[in-house]
Protein chains: 2
Amino acid sequence: METFFNYLRRYTEHPMSAQEIALLQQAFSRRKVRKRQYILQEGDVCRHLSFITKGAMRQYSVDDKGIEHIVQFGIEDWWMSDRESFELGSVSTYNIDAWEDSEVLQIHYDDWWEIRNSIPAMRILTAEMDKRHAVAAQKRIHAAITLTAEERYLDMLRHQPAFIQRFPQNMIASYLGISPETLSRIRKQAYLKNE
Amino acid sequence: METFFNYLRRYTEHPMSAQEIALLQQAFSRRKVRKRQYILQEGDVCRHLSFITKGAMRQYSVDDKGIEHIVQFGIEDWWMSDRESFELGSVSTYNIDAWEDSEVLQIHYDDWWEIRNSIPAMRILTAEMDKRHAVAAQKRIHAAITLTAEERYLDMLRHQPAFIQRFPQNMIASYLGISPETLSRIRKQAYLKNE
DNA sequence: AAATTGAATTGACAAATGTCAACTACTCAT
DNA sequence: ATGAGTAGTTGACATTTGTCAATTCAATTT
């Protein structure tokens, strides 16, 4: 829980009262998630929002051919959920599972709603989260329609080195929307250029 | 302004007081934008949020080779801004201009901040906007990394026919991240399939 | 230590998409 | 009415990326 409060302090500035802190501690529940364990499966409704305090997770869909398409990575201090399913209560087409043994703080949709209404700092945090999320999404969309596969990889290398270090290469390829073979070749070429 | 209030009623349910309505009318200013006229240029900071009451606009970047990359279209009832520049006050790398003669309601960043704090309905609206925006962004990212060029076009045809009707084909291609020639061929093939 | 597993690499080839140039059709301004 | 632009189409070819199969490599299990 300490990780989470550090995160809160970083993004809200607003100090919270002891009472508010107690409320938060009540609303969030800690959960260990082992490698390869799911916290959301395709076909279920995403009822919880999860804050990662430890570990590495991913959100992905599986197509007709059984190929996984990763739309999001998450490590410490990241939130995981299928936003569409969570907000709309619709059936999710995504899976979320742990790649490293992880630990998350989960809050139920109803409590999240409640918390945001009753604790001002949480409203600010939500707005901040949405803002950052929107900016990141715009960048990723721009990268997808503008850059080549190699440029997208280099861009990721620069802006999200943590992901590249902690997830295997085939998952990075999936995230970038290219085949593992192509990524392997891109890396080889980039390496040769530096020699 | 009527268009805007219709929109508000549709998304907030909360009726507003006469005083609040007056506040809104004061904060927003109406502006006509002629075809090809800019409301944001690369290098400027995006200080205003614009709600389109009439017309059609687009947001795009221009690369080294002078090629435009469209990241967003907007028509009636859509908001336009470079979210990153608007929220962070950073210099924008995007342009926003009108494709049809348009009319927008503009609000300055400071007033927008103020309005959201003082009018509860606007806070709800903001949250709703962010939510819808996040869902749409996730879908577009998923489409970009999962679908082929043809599938992306068909997806757009199904979910955003209005854009396809109102913007020329080369802009649709830019939005999809493909060359105009490729889109032309995709359309030809799709047409042949239906014969 | 041997065997097993899965990830990463590599090669050969196929498919998708981009580029360039030519041509057509259309609109708009003079 | 004429001419200049602009969008869209088409063909030929280049480049990028995907697919499939084989191989290497490292980690893990037995």
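So you know, we letter chains A, B, ... as the sequences are listed, proteins then strands, and number each from 1.
Side-chain atoms of A:Pro168 lie closest to C:dA8 of the nucleotides C:dT17, C:dA8, D:dG8.
By the 4.0 Å N-to-carboxylate-O rule, B:Glu87 lies too far from A:Arg132 to be salt-bridged with it. The existence of a salt bridge linking B:Arg30 and B:Glu2 is excluded, since no basic side-chain nitrogen approaches an acidic carboxylate oxygen closer than 4.0 Å. Salt-bridge formation is detected for the pair B:Asp77/B:Arg10: a Lys NZ or Arg NE/NH1/NH2 atom is positioned less than 4.0 Å from an Asp or Glu carboxylate oxygen.
Contact annotation: A:Ser184 does not reach the phosphate of C:dA8 (side-chain N/O to OP1 or OP2, under 4.0 Å). In this structure, B:Lys188 reaches the D:dT10 phosphate: one of its side-chain N or O atoms is under 4.0 Å from OP1 or OP2. At D:dG18, one or more side-chain N or O atoms of A:Thr182 fall inside 4.0 Å of OP1 or OP2 (strictly under the cut-off).
The interatomic distance linking A:Glu181 (CD) with C:dA15 (P) rounds to 16 Å, in whole Å. Put simply, CD on B:Gln189 is 18 Å from P on D:dG8, counting in whole angstrom units. Between the CG atom of B:Leu183 and the C1' atom of D:dG8 there is a distance of 10 Å, given to the nearest Å. Between A:Arg152 atom CZ and D:dT17 atom C1' there is a gap of 10 Å when expressed in whole angstrom units. Going from atom NZ of A:Lys65 over to atom P of D:dT19 covers 6 Å, rounded to whole Å. If you measure from atom CD1 of B:Ile67 to atom P of C:dT17, you get 17 Å, rounded to the nearest angstrom.
The side-chain contact (heavy atoms from CB on, under 4.5 Å) test with B:Ile186 singles out one residue from B:Ile178, B:Thr148, B:Leu176, and that residue is B:Ile178.
Residue contacts shown for A:Ile178 are limited to sugar-phosphate atoms, with no base heavy atom under 4.0 Å away.
Interface remark: the B:Arg185 side chain does not form any donor-acceptor pair with the D:dG8 base, using a distance-only criterion of under 3.5 Å.
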